Structures are given as C-alpha cells and as structure tokens.
Amino acid sequence: MLTGSQIRRKFLDYFIQKGHREVHSSSLVPQNDPTLLFTNAGMNQFKDVFLGLEKRDYSRATTSQKCVRAGGKHNDLENVGFTNRHHTFFEMLGNFSFGDYYKEDATAFAWELLTSSEWFNIPAEKLYVTIFGGAQMGPNHIGSDFIAQQSWERVGVPADRIVPLSGDRGLNENFWQMGDTGPCGPCSEIHYDMGPAASDQGHVDCKFGCDCGRYVEIWNLVFMQFDRDASGTLNPLPKPSIDTGMGLERIASVLLNLEDSRKVSNYDTDLFVPLIERAAELTANLGNDSNSKASLRIIADHARATTFLISDGVQPSNDGRGYVLRKILRRAIRHGHMLGQKEPFFFRMVDAVRGHPGSRGHRAPRPAPGVLRDAHRAR
C-alpha cells in the first residue's frame with residue numbers, strides 16, 4: 001500500500017518523465033495577488049504565466065501545492081470533521097502546460113497515470129469522466145466539448161462513461177474561469193466509484209451522478225481555451241493551456257479503498273491516522289461515538305492548517321488571514337474541550353504534524369520552537 005508521501009512522489013515523477021519541471025509549492029500567503037486570502041489551488045503561483053504577464057524557462061510544470069480553504073469565497077471550515085473529504089489544509093497535485101500540449105495529451109497523461117499497472121493501477125471500470133456539454137454564457141453560445149470527448153475515447157474510456165453536463169450545471173461544474181475577465185475554458189472531471197460503503201444514504205445500486213457520496217471527484221482537468229473580455233465576449237486564446245488539480249488526500253483515499261472497500265474516508269489514510277491517534281492521546285478520548293470521532297478529525301485537520309499557516313508567517317489576529325487562523329485554532333481547542341481536555345494541548349499537535357512523514361514534502365521555514373510558541377500563545 002502506497003503512503004501519502006509515496007503517492008505524492010509518484011505523481012511528480014510521472015510528469016517529470018513526461019518533460020515537466022518540478023516546481024516547489026508556493027507559500028500559503030499569495031504573493032502579489034490581493035484577490036486571494038490564501039493560496040487555494042495549484043495554479044495560483046502560475047497566474048501571471050497564464051495571463052501572459054510572466055515568462056518562465058519551461059512550458060510544462062508539475063507541483064504539489066499547499067492549499068487552505070477556510071475563508072473568503074472558498075470556505076470549507078464548518079464542514080471539516082463531519083464529512084469524509086472536507087479539509088482546511090490540503091495538497092493539490094497538478095500538471096500544467098503553458099501553451100505547450102492541450103486536451104489530447106492532458107487526457108492521455110491522466111488516464112495512463114491512474115490506470116497503468118506501472119503507476120496507480122486503478123481499474124478503469126471504477127472511473128467515470130464528465131465533460132462540458134454546452135451552454136449559453138452571456139453573449140456566447142459554447143458548444144459541447146467534442147475534442148475532450150474524442151480524447152477520452154481515444155485512450156479507451158467507453159462512451160457510456162463519458163458524461164456531458166450542459167446548461168447551468170455544465171457552467172457550474174465543467175467550466176472554469178479565473179475571474180470575471182481573463183483566461184477560462186471547459187474542464188473535464190474524473191470520478192471514482194468508492195462502492196456502496198461510501199453512500200451516505202445506504203444506496204447499494206445507485207448510478208453515476210447520484211450525489212450520495214459514492215462517486216467522488218478525484219481530478220479536474222481545466223482546458224484554458226478562451227480569454228473573456230470586459231463585455232463578456234469569449235475570444236480564443238492564441239496558446240491554449242492546461243491546468244489540472246488532484247487532491248493528494250483524495251487520491252490516497254481512493255488507493256486505500258482499492259485495498260479495503262470499507263475504507264471510504266480521507267481520514268482513514270496515513271496522512272491523518274497518526275494525527276488522529278495523537279489527538280486521542282492528548283484528549284484521552286478514543287472517539288468511540290460519532291461526535292467524538294468528528295472532534296478528533298477536526299483537531300487533526302486543524303493542526304495541519306495551523307502548523308503550515310504559522311510556518312508561512314501568518315499570525316493570529318483580529319482581521320484578515322490572522323482572523324481565519326484564530327478561528328481555526330479556537331475551533332480545534334473547543335473540540336478538545338468537548339472531548340474533556342480542559343488543559344492546553346493543541347500546541348503539542350504541532351510536533352505531530354512536523355514529525356509526520358506526510359508533511360516532509362514541504363519545507364517549514366520557521367523552526368519548531370517558534371511555531372510551538374505561536375500556537376500556545378494563541379489559545
């Protein structure tokens with residue numbers, strides 16, 4: 001069974017041997033981008049490259065990007081701990097093409113990495129893909145993405161497992177845009193069937209498209225095809241590009257599910273289990289009921305977010321990023337109290353995060369004592 005660290009390395013190595021440059025994760029604090037509270041996607045550090053404002057000495061890149069979604073437009077905070085897949089901090093694995101390859105190669109790369117016995121070896125019959133099926137977008141009518149459909153068929157995906165989503169649903173789920181203006185385009189999502197055990201509603205025979213939790217999106221391939229101007233008109237980009245994102249925690253959960261169909265949660269993976277066990281030790285609570293189990297998940301998740309945010313220079317405060325960090329800290333400590341731990345404990349989770357093999361793919365620039373002092377002072 002691959003560990004989270006091995007999965008990360010395998011993903012990056014695959015794209016390196018396909019001619020991509022491995023680029024280190026950027027900080028969780030976006031540089032020169034006031035529109036973002038935190039880095040929340042792999043493409044953030046390449047925004048100016050996609051906009052044509054910056055040139056780099058490579059046209060293909062691959063990353064494992066630290067991300068936080070706990071404030072602003074993308075805010076998963078209140079769901080964390082109570083679902084199988086929401087997190088404040090997560091890693092986004094991605095491959096990028098800056099005017100180099102396009103849909104045909106992006107789909108071929110994704111399918112080979114997921115299904116080849118040399119790589120992740122996921123059975124093809126467990127996978128489904130969605131494509132943009134067409135919609136009216138302001139003054140533009142965008143047709144169905146036939147090139148994406150043909151690209152998936154070319155690599156062997158059966159036609160009945162390629163699902164076009166059209167209209168408003170297509171725009172919401174299979175069309176990506178950087179903002180009101182700028183690069184945008186259709187996208188294609190790859191979904192995995194976790195099996196009946198993952199159904200929140202106890203479904204045993206539901207079909208793809210059911211939102212009961214059985215079918216999980218694991219990878220989004222964005223095809224940057226247009227430049228949207230201030231009038232809303234979509235103009236073709238001279239050099240279409242690729243931006244993909246796959247959560248490390250989700251692909252780790254998928255590969256664990258292949259080994260044990262009863263395992264259906266990101267929190268069952270080695271990225272979280274040691275942290276949950278440490279939280280159980282510190283709170284003297286084994287999580288024997290659903291509420292206690294959720295609290296231990298929250299402490300484990302929030303310890304990751306806290307450690308990396310403080311390591312990247314965010315300090316607890318009353319506004320902006322610091323306020324979000326303080327909310328995360330307080331929520332974790334409150335759930336510790338709910339488990340019966342009234343003494344300071346959360347600062348001890350920092351050592352568990354820093355010592356976890358899954359955290360070693362990212363460098364924390366500040367020494368452990370500084371992180372510990374900040375976490376303790378903020379309680």
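No experiment lies behind these values; they were computed from the predicted model shown.
For N235, the CG atom counts as densely surrounded, since its 6.0 Å shell holds more than 12 non-hydrogen atoms of other residues, nucleotides or ligands. Within 6.0 Å of CD1 in I147 there are 12 or fewer heavy atoms belonging to other residues, nucleotides or ligands. Within a 6.0 Å sphere centred on CD of E118, other residues, nucleotides and ligands contribute 12 heavy atoms or fewer. Within a 6.0 Å radius of CG in D160, more than 12 heavy atoms belonging to other residues, nucleotides or ligands are found. More than 12 heavy atoms of other residues, nucleotides or ligands sit less than 6.0 Å from atom CZ of F208. Taking a 6.0 Å sphere around CG of D289, one finds it holds more than 12 heavy atoms contributed by other residues, nucleotides or ligands. The number of heavy atoms from other shown groups lying within 6.0 Å of CZ (F82) is above 12. No more than 12 heavy atoms of other residues, nucleotides or ligands lie within 6.0 Å of NZ in K293, so this atom counts as exposed by the packing criterion.
Within the 6.0 Å centre-distance limit, the rings of F109 and Y101 are counted as a close aromatic pair. Y215 has its ring centre no less than 6.0 Å from the ring centre of H203. Between Y267 and H87, the distance from one ring center to the other falls under 6.0 angstrom.
In this structure, I298 CD1 and I328 CD1 are separated by 12.0 Å, a value rounded to the nearest 0.5 Å. Atom-to-atom distance recorded for I142:CD1 and L234:CG is 5.0 Å, nearest 0.5 angstrom. Here the OH atom belonging to Y58 is positioned 14.0 Å from the CZ atom belonging to R60, to the nearest 0.5 angstrom.
One finds a salt bridge joining E22 and R9 here, because a Lys/Arg side-chain nitrogen approaches an Asp/Glu carboxylate oxygen to under 4.0 Å. Between R304 and E249 there is a salt bridge, with a side-chain nitrogen of the basic residue lying less than 4.0 Å from a carboxylate oxygen of the acidic one. A salt bridge does not link R278 with D351: none of the charged nitrogens is closer than 4.0 Å to a carboxylate oxygen. The existence of a salt bridge linking D193 and R214 is confirmed by a sub-4.0 Å separation between a basic side-chain nitrogen and an acidic carboxylate oxygen.
In this structure, the salt bridge (Lys or Arg N to Asp or Glu O under 4.0 Å) partners of D33, at least two apart in sequence or on a different chain, are K47.
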>> Working note: D243 + F46, criterion side-chain contact (heavy atoms from CB on, under 4.5 Å); need CA distance, chi angles, decisive distance, verdict.
In response: CA-CA 10 Å; D243 157 26; F46 302 116; over 6 Å; no

>> Under the criterion side-chain contact (heavy atoms from CB on, under 4.5 Å), I'd like the reasoning laid out for D100 against I242: C-alpha separation, chi angles, the key distance, then a yes or no.
In response: CA-CA 8 Å; D100 188 328; I242 294 294; over 6 Å; no

> So V80 and R331, side-chain contact (heavy atoms from CB on, under 4.5 Å) or not? Walk me through it.
Replying inline: CA-CA 11 Å; V80 172; R331 188 169 186 254; 3.9 Å; yes

> For F89 and F38, what are the C-alpha separation, side-chain angles and deciding distance, and is it a side-chain contact (heavy atoms from CB on, under 4.5 Å)?
Replying inline: CA-CA 10 Å; F89 172 89; F38 299 113; over 6 Å; no

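The closest side-chain donor-acceptor pair between N79 and R85, if any, does not fall under 3.5 angstrom. For the residue pair T233/S231, the side-chain donor-acceptor check at 3.5 Å is satisfied. Between the side chains of K103 and Q225, a donor-acceptor pair is found at a separation under 3.5 Å.
Looking only at side-chain heavy atoms (C-beta outward), W111 and L127 come within less than 4.5 Å of each other.
Between F96 and F98, the ring planes lie parallel to each other; the angle is under 30°, not in the 30° to 60° tilted range.
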